[in-house]
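Lettering of chains follows the sequences in order, A, B, ..., and the numbering in each one begins at 1. The structure displayed is predicted, hence computed values, not measured ones.
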Amino acid sequence: MNHETRPLPRWDFGAATRQSLRNESLAKALFRATAKFDDGRRALMAALPESDLLREKARQIKDDVLQHLDRYLAEFADSVEKAGGVVHWARTAGDANALVASIARERNVKRIVKAKTMVSEETHLNEALEREGFCVMETDLGEYILQVAGDRPSHIVVPAVHRTKEEIADLFNSSFGVSLPPEPAEITKFARARLREEFANADMGITGANFAAADTGTVIQVTNEGNGRLCATWPPVQVVFMGIEKIIPRLEDLPVFLKLLARSATGQPMTVYTNLITGPRREGEGDGPRELHVILIDNGRTTVLGSGYRQTLRCIRCGACLNTCPVYRNVGGHTYGSVYPGPIGSVLSPLYEGRSRFNSLPHASSLCGACYQACPMKINIPHMLTAMRAEQAEHGENHVLERLGMRLWALAMRSPLLYRFGGKALRWGMLPLSSEGWVSSLPYPFSGWTKRRDFPLPAKKSFRGSFKK
Amino acid sequence: MRVSLFITCLADLFHPEIGLAMVSILRKHGVELVFPRGQTCCGQPAFNTGNWAEARSVAARMLDVFEGSEYVVSPSASCTAMIREAFPRLFVNDEALLARSEALASRSYEFIEFLGKVLNIKSTDARFDGRLTYHYTCHQRALGMTTEAEDLVKSLQGVTYIPLDGKERCCGFGGAFSIKMPDLSGHLANDKAERIIETGAEAVVVNDTGCIMNISGALKRRGVPVKVIHLARILSGEVTAP
């Protein structure tokens, strides 16, 4: 899908929250799931005495990579080719999708199995391949559920977090004519059997990369279900679909990131499967693909690299900021209307999917800072959000009423006399609306406040009127 | 030791009793107090909404108002964080103002932080006879504060301290956020109110004026008589029971 040629309407996050907040069962399920991950992360990070050092080390390594990305990418491409792989470069989402399609066409591929990759969501790879007539099967259980349902992910790590086990059992029962109980083990067993056939019949496997080591050309992929390993080893052709920011300098840097990733993502000390893939199957080896293709995708990353938002390229897609965010936990991922939800998504979506379309997302935060505290890569998300808001205001994109109000407000705040008068006027203005010191209905544009809470009347006598030397 | 009081506009206009409690405690500890009368607001509403030209003009005044101060102490972590975190960002392209804002940042403290870090007060002999819970306000995070206030609450004489579930989850105030995303903000405020009510506490300590307005507004709407109190008012002896 090419967003430039098909302008999409602006996403109104505020309106979307009103819709989501009505769905109380979603809120409860979501809150429970995210609390489990968030509590797990806190407990494991607290139990790791070197966690602060690790975060700092990880930040330094990634910053070095980003500072010298050209050099590291060249080194990585070299190493992949030395190991027998083929490297392809994609500037745009469309280029990346077209590369996969052409590799598949040339090899007469019909069936493709796919492990979970966020960048393929970003480029809308599935739709592109399906348009070309390929059969694409998601093999991560969450993604598989969503594919069956025709739904979209709502979380970076647990894409189907918004669906309850009852809903999933119903979905499978009606889609496949079975009668599964709403038991995770039963649902998984069923999906596993179906997916096993898909793996066996696939002509191509597509995986993402969590990290990629420049010195060895090794692609590192972590999963909990083992589907990634099957995608990478069973079909004769493997395509690694990855953003250019996934590079780490040396394979020996990997433990720093592995320690942080699983803990931050799901509160696990380590994911169940960690695959290190260096080149295709070599002579004498019993498994692995005959061909390994690595597609290095820019899709706006080099623009971000040269902007004030460079630190967002440190993101390892752990989802810790989603799990800890009071906003995300209450409204869920679909409320953000974009591929990347939550706090990091509120920065990434304007950057990668259109500033104007997602201009409400930088305001989807109370700036409480929980995301920054949780981020293993020390990305200062509140800082990025306020910077985006400032750019909007600078370009005159904020509401005319806000602009005018802020000008008047600044005028008053620069003059102690006007400030004092304003404070008194506020009290006089609110007095007739109040009862026992509280206002239960404020006029527009402040009426939103009093929908669900009261507003206090200013004090009779201010501090400056009461303070004695 | 001389402290310049940065009362903040919200405490000045809505909760002067918090400022007065702070005055009484600091005086008790022999601190000389100055209240620069030119002070208004730190500029956070403009900063958070992205209106940085307006924020800059108000922040520049703050630099003048607190020029030459020894310590600047406020009852709000949010407003202190504005000075420490945002001022240097606002003046990043102006060397002279940047230097002044960094100097102001280095001598600015939130009240509880000042008690601990500068006056070395980490426990109290103040009383509170009743069931009390505590909400951790978000901007303490930005200042690197963790359990300083909660430790003081726990050390109150006569108190029955009941921990709040999700105490460090935002109450949804967020300044302009409460007006721009009112449904979401109101939802979070009510969630916080529910958790507070669940504890069975008669009062909750909340150490930031914006959060006090938000949480007390949600409790008021529910008609629940749980009191929302800034810790300074208990430490000063003004409030000793719910």
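Checked by atom type and distance alone, the side chain of A/Arg464 never pairs as donor or acceptor with a backbone atom of B/Leu13 at under 3.5 Å. Checked by atom type and distance alone, the side chain of A/Arg453 never pairs as donor or acceptor with a backbone atom of B/Asn190 at under 3.5 Å. Side chain of A/Arg452 to main chain of B/Pro182: no donor-acceptor pair is present (N/O by atom type, distance under 3.5 Å, no hydrogens or angles). Counting only distance, with no hydrogens or angles, the side chain of B/Asp12 and the backbone of A/Phe463 share a donor-acceptor pair below 3.5 Å. Between the side chain of A/Arg389 and the backbone N or O of B/Phe47 there is no donor-acceptor pair closer than 3.5 Å. A donor-acceptor pair under 3.5 Å links the side-chain atoms of B/Thr40 to the main chain of A/Met413, judged by distance alone.
A heavy-atom distance below 4.5 Å is found between the side chains of A/Arg414 and B/Ser57. With contacts defined as side-chain heavy-atom distances shorter than 4.5 Å, the pair A/Phe467/B/Ile7 does not qualify. For the pair A/Pro382 and B/Arg141, the minimum side-chain heavy-atom distance is 4.5 Å or more. Side-chain atoms of A/Ser462 and B/Phe14, non-hydrogen and from C-beta on, never get closer than 4.5 Å to each other. Residues A/Ser466 and B/Leu20 meet the side-chain proximity criterion, which asks for heavy atoms closer than 4.5 Å. Between B/Pro45 and A/Trp409, some side-chain heavy-atom pair lies under the 4.5 Å cut-off. With a 4.5 Å cut-off on side-chain heavy atoms, B/Cys9 and A/Tyr419 count as touching.
For B/Arg89 and A/Thr386, the side-chain atoms include at least one donor-acceptor pair closer than 3.5 Å. Side-chain atoms of B/Asn51 and A/Asn398 form a donor-acceptor pair, as typed in the model, at a separation below 3.5 Å. Side chains of B/Arg221 and A/Ser440: no donor on one and acceptor on the other come within 3.5 Å.
Residue B/Ala189 touches chain A through its side chain alone, counting heavy-atom pairs closer than 4.5 Å. Proximity to chain A (any heavy atom under 4.5 Å) is shown, for B/Lys220, by both the backbone and the side chain. Residue A/Trp449 touches chain B through both its backbone and its side chain, counting heavy-atom pairs closer than 4.5 Å. Contact annotation for B/Ser216: both backbone and side-chain heavy atoms come within less than 4.5 Å of a heavy atom of chain A.
Of the inter-residue distances, the one linking A/Gln19 atom CD with B/Asp183 atom CG reads 11.5 Å to the nearest 0.5 angstrom. Taking CZ of B/Arg61 as the reference point, atom OG of A/Ser415 lies at 7.5 Å (rounded to 0.5 Å). One distance of note links CZ of B/Phe177 with SG of A/Cys368; it measures 9.0 Å at 0.5 Å rounding. Note that OG of A/Ser360 and CE of B/Met181 are 6.0 Å apart. Values are rounded to the nearest 0.5 Å. The NZ atom of A/Lys451 lies 11.0 Å from the OG atom of B/Ser185; values are rounded to the nearest 0.5 Å.
Put simply, of A/His363, A/Met388, A/Arg403, the one with the most heavy-atom pairs under 4.5 Å next to chain B is A/His363. The choice from B/Gly175, B/Gly43, B/Ala11 that makes the most heavy-atom pairs within less than 4.5 Å of chain A is B/Gly43. Heavy-atom pairs under 4.5 Å with chain A were tallied for B/His139, B/Gln39, B/Glu85, B/His15; the largest tally goes to B/Gln39.
Residues B/Leu184 and A/Val331 approach most closely at CD1-CG1, 3.6 Å, considering heavy atoms. Scanning all heavy atoms of the two residues, the minimum distance from B/Arg27 to A/Lys468 falls at NH2-O, 3.0 Å.
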